[in-house]
Visitor: 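To start, I am sharing the structure in question, which I have written as structure tokens.
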Amino acid sequence: MSTTEKQGLLNPEGRAFKLGSVGADWIDQRTSMSSVVKNFARKVFPDHWSFMFGEVALYSFVVLLISGTFLTMFFVPSMDEVTYEGIYEPLYGLEMSRAYASTLDLSFEVKGGLLFRQMHHWAALLFMVAIFVHMFRVFFTGAFRKPRELNWLVGFSLMILGMVAGFSGYSLPDDVLSGNGLRIADGLMKSIPLVGTYMSMLLFGGEFPGTDIIPRLFTIHILLVPAAIMGLIAIHLVMLVVHKHAHYPGPGATDRNVVGYPLFPVYTAKAGGFFFIVFGLIALVSATVSINSVWAYGPYDPSPVSAGSQPDWYMLFTDGGLRLIPGWEFTIFGYVISLNMLIPMVFYGLFLAALALWPFLEQWVTGDDREHHVLDLPYNAPVRTAFGVAWITEYILLVLGATNDLVAIAFHISINDLTWLYRIGFFVAPVVAFIVTKRICLAIQRHKRDLVLHGVETAKVVRMENGEMLEIHEPLNEYERWTLVQHDTFRPLKEGNGVSGLRAKASSFFFKDQIDPVTPRELRAALEHGGHERHRIEALTGPYRELEP
């Protein structure tokens, strides 16, 4: 296009410009998009590094869609047996499924195939990391409180769907490692009394491994789960806009406003740049670090089990519970009841349900039904923070349990001793983590309270004429002080007036040992006392600046 033609397009008097204006006006009159875009562009979002984890999850999902679309064009989701005649010589001539053969072809014969496979896998891992960290940022800051309880459930559902997508995805290549994972899923289903065997045969299309599981998982992985995830992401973002974004306590931050930057142009530019950073880092890691080298495992055979096999990190906790529980089972009316399978499954359900239902449990315990848009500082909610740390500790214990064989080999210790250590830690570690975390939170509260009342210690001590020793304290500025005193004071619910005894006890436990924020009266008294001491010191030594070295 010539320079003259470009100028004609940009000229308000030009024909092309007028046609574009007429077309845009015609569309706007029928869709009212201009008002929607105008209002949305003015939407204010707070600026804090912890809010970026949600964006990382979203951008990782975009990378998953892009890379997954490429892989779908070459992967063959079939369990028909073929003889491999590709270029990877160690497996040449072996019988394998078409799914595994197409995965080998993708890795070695399709240009860019291995890069896209690894980008897909690394993006999936990053997607789950970002969701976990984002959820716990929301949890520890109390961002799940009214009116965001439903959005918390949406985020929890995204986490579960991410696990389902990951499991169905790494089962598709039909190698020994993924086959072992399917074998565990088959065993879990068959352990369910009465209906377990029928569930397994329905899913696998007959006796394990059957001939239908790969095509079915392929449909789940590329169609059902992605559609559900995209729908939940849309709901999550709509709720975010409707409820407005929560923000951290600070100057000007209240439950009636949002302190930050408008979506356009500031936040849009930052978000766009951040997407390319995430995309670039995933591509860099995928190009330099190998993951899921299926050619090293070989095609799936139900008879062998590969030593040292573990699923991806976000599913490790399920394997850990199965390894740690003793082999308990008994027979009743001819049915074998496998407690070593049923108990972990029940625990996993309760383990995840506790996280999903926490917003409603906390509201029931505290009786707080107000809207909250200013986030909590984690140490101001000691019981909530302690519960979150205990939950993470239990999760880590289960993850370590899934690696007991590798740890035992690496450190030359007995796997039985290590398993017993994890079993004891399963019951002890979360309790210890809860108690220690709560005490740390209370200690931080006391420290922050002292900072508000007395200021920051300067380590400079002045001896008065009467021998009294006074340390110089630097008072906080009004913005720092506001952040430390803005949180609410709650009192435990009393039994009666519709409050049950159980609820009253739970409320007492939740608020036990709490440190109340500094009251205006205490602050005035502290400032008057500090001003008096400062006057005495300055009368003896002059202004504080004269004491500076």
Side-chain angles (χ1 to χ4, degrees), residues 88 90-91 94 100 103-104 107 114 117-118 121-122 124-126 128-129 132 163 166-167 169-188 191 208-209 285-286 288-329 338-341 343-345 347-348 351 392-430 432-433:
Y88 187 66
L91 297 179
L94 287 182
Y100 187 66
T103 304
L104 294 177
S107 303
L114 182 57
R117 271 197 63 229
Q118 300 200 150
H121 205 130
W122 280 116
L125 296 182
L126 184 59
M128 291 306 302
V129 169
F132 268 71
M163 292 181 179
F167 179 78
Y170 67 64
S171 299
L172 291 178
D174 201 27
D175 60 296
V176 169
L177 185 61
S178 64
N180 288 337
L182 287 174
R183 189 54 159 168
I184 293 174
D186 175 61
L188 287 172
S191 69
F208 179 86
V285 172
S286 303
T288 54
V289 182
S290 178
I291 190 171
N292 198 24
S293 305
V294 295
W295 52 88
Y297 310 135
Y300 181 62
D301 183 348
S303 56
V305 175
S306 176
S309 61
Q310 280 89 19
D312 282 336
W313 71 268
Y314 49 87
M315 296 297 292
L316 272 176
F317 78 100
T318 58
D319 194 18
L322 297 175
R323 294 193 187 199
L324 295 184
I325 192 169
W328 295 335
E329 63 181 31
S338 302
L339 296 179
N340 56 328
M341 305 289 272
I343 291 178
M345 283 197 291
F347 174 77
Y348 298 152
F351 185 64
I392 294 173
T393 302
E394 192 76 284
Y395 185 91
I396 293 174
L397 247 306
L398 292 173
V399 168
L400 291 174
T403 63
N404 58 354
D405 53 345
L406 298 180
V407 174
I409 294 172
F411 293 96
H412 305 286
I413 56 180
S414 168
I415 189 172
N416 293 324
D417 293 342
L418 192 61
T419 300
W420 271 105
L421 176 64
Y422 290 153
R423 286 173 178 173
I424 296 171
F426 178 86
F427 297 99
V428 175
V432 173

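When a residue number appears, it is its place in the shown sequence, counting from 1.
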Visitor: With sequence neighbours left out, what residues match Phe426 under ring pair (Phe, Tyr, Trp, His ring centres under 6.0 Å)?
Guide: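 Once residues adjacent in sequence are excluded, the partners of Phe426 under the ring pair (Phe, Tyr, Trp, His ring centres under 6.0 Å) criterion are Phe347.
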Visitor: Hey, what do you get for OG1 (Thr103) to CG (Asn292), rounding to the nearest 0.5 Å?
Guide: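 One gets 9.0 Å once the value is rounded to the nearest 0.5 Å.
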Visitor: Checking Thr403 now: which residues fulfil side-chain hydrogen bond (donor to acceptor under 3.5 Å, both in side chains) with it, not counting sequence neighbours?
Guide: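 In terms of side-chain hydrogen bond (donor to acceptor under 3.5 Å, both in side chains), with neighbours along the sequence ignored, Thr403 is linked to no residue.
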Visitor: Using the salt bridge (charged side-chain N to carboxylate O under 4.0 Å, His left out) criterion, which residues pair with Asp312? Sequence neighbours excluded.
Guide: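 For Asp312 there are no salt bridge (charged side-chain N to carboxylate O under 4.0 Å, His left out) partners, ignoring immediate neighbours.
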Visitor: To the nearest 0.5 angstrom, please state how far the CE atom of Met345 sits from the OG1 atom of Thr318.
Guide: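 Spacing of CE (Met345) from OG1 (Thr318) equals 11.5 Å.
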Visitor: By the definition side chain to side chain contact (heavy atoms under 4.5 Å, CB included), identify the one residue from Asp405, Leu400, Asn404 that meets it with Leu418.
Guide: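 Answer after filtering Asp405, Leu400, Asn404: Asn404.
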Visitor: Is the closest side-chain heavy-atom distance between Tyr100 and Val176 below 4.5 Å?
Guide: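 Tyr100 vs Val176: side chains apart.
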Visitor: Go through the steps to decide whether Tyr297 and Asn180 satisfy the test side-chain contact (heavy atoms from CB on, under 4.5 Å), and finish with yes or no.
Guide: CA-CA 11 Å; Tyr297 310 135; Asn180 288 337; over 6 Å; no
Visitor: If we only count heavy atoms from C-beta on, is the Leu182 to Tyr300 side-chain gap below 4.5 Å?
Guide: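 Side chain of Leu182 against side chain of Tyr300, heavy atoms only: no contact under 4.5 Å found.
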Visitor: Who passes side chain to side chain contact (heavy atoms under 4.5 Å, CB included) against Leu126, sequence neighbours left out?
Guide: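 In terms of side chain to side chain contact (heavy atoms under 4.5 Å, CB included), with neighbours along the sequence ignored, Leu126 is linked to Val56, Ser60, Val278, Ile282.
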Visitor: Could you work out, with salt bridge (charged side-chain N to carboxylate O under 4.0 Å, His left out) as the rule, every residue matching Arg423, not counting sequence neighbours?
Guide: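 Scan of Arg423 (salt bridge (charged side-chain N to carboxylate O under 4.0 Å, His left out), adjacent residues dropped) gives none.
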Visitor: Once side-chain hydrogen bond (donor to acceptor under 3.5 Å, both in side chains) is applied, do any residues pair with Ser178, and if so which ones, sequence neighbours excluded?
Guide: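 Only Asp175 meet the side-chain hydrogen bond (donor to acceptor under 3.5 Å, both in side chains) criterion with Ser178.
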Visitor: For Ser191, which residues count as a side-chain hydrogen bond (donor to acceptor under 3.5 Å, both in side chains) partner, sequence neighbours excluded?
Guide: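 Applying side-chain hydrogen bond (donor to acceptor under 3.5 Å, both in side chains) to Ser191 gives none.
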Visitor: What closest approach, in Å, do Gly321 and Pro344 show between heavy atoms, and which atom pair accounts for it?
Guide: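 Scanning both residues, the minimum pair turns out to be O-CG, 4.0 Å.
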Visitor: Please list, chain by chain and in numerical order, all residues satisfying side-chain hydrogen bond (donor to acceptor under 3.5 Å, both in side chains) with Asn340, sequence neighbours excluded.
Guide: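 Checked Asn340 against side-chain hydrogen bond (donor to acceptor under 3.5 Å, both in side chains); zero matches.
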Visitor: Search all heavy atoms of Ala408 against all heavy atoms of Ser414 and return the closest pair with its distance.
Guide: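 Scanning both residues, the minimum pair turns out to be CB-C, 4.5 Å.
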Visitor: Go through the structure and list residues passing ring pair (Phe, Tyr, Trp, His ring centres under 6.0 Å) with Tyr170, not counting sequence neighbours.
Guide: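 Listed in chain order: Phe167.
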Visitor: Take Ile396 and Ile392, measure what side-chain contact (heavy atoms from CB on, under 4.5 Å) needs, and give me the verdict at the end.
Guide: CA-CA 6 Å; Ile396 293 174; Ile392 294 173; 3.9 Å; yes
Visitor: Output the distance between atom CD1 (Ile184) and atom CG (Asp319), rounded to the nearest 0.5 Å.
Guide: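 If I round to the nearest 0.5 Å, the distance is 4.5 Å.
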Visitor: So Arg117 and Val294, side-chain contact (heavy atoms from CB on, under 4.5 Å) or not? Walk me through it.
Guide: CA-CA 11 Å; Arg117 271 197 63 229; Val294 295; 3.7 Å; yes
Visitor: Taking only residues two or more places apart in sequence or in another chain, which ones pass side chain to side chain contact (heavy atoms under 4.5 Å, CB included) with Ala433?
Guide: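 Side chain to side chain contact (heavy atoms under 4.5 Å, CB included) list for Ala433, sorted by chain: Val389, Thr393.
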Visitor: Parallel under 30°, tilted from 30 to 60°, perpendicular over 60°: which one fits the rings of Phe317 and Tyr348?
Guide: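 Phe317 and Tyr348: perpendicular rings.
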Visitor: Please name all residues satisfying side chain to side chain contact (heavy atoms under 4.5 Å, CB included) with Ile291, sequence neighbours left out, ordered by chain then number.
Guide: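 Result, side chain to side chain contact (heavy atoms under 4.5 Å, CB included) vs Ile291: Gln118, His121, Trp122, Leu125.
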Visitor: According to side chain to side chain contact (heavy atoms under 4.5 Å, CB included), who are the partners of Val129, at least two apart in sequence or on a separate chain?
Guide: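 Here the qualifying residues are Val133, Trp313.
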Visitor: Leu324 versus Thr419: any side-chain heavy-atom pair under 4.5 Å?
Guide: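 With C-beta onward as the side chain, the pair touches.
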Visitor: Once you round to the nearest 0.5 Å, how far does CE of Met315 lie from CE of Met163?
Guide: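 Result: 6.5 Å between the selected atoms.
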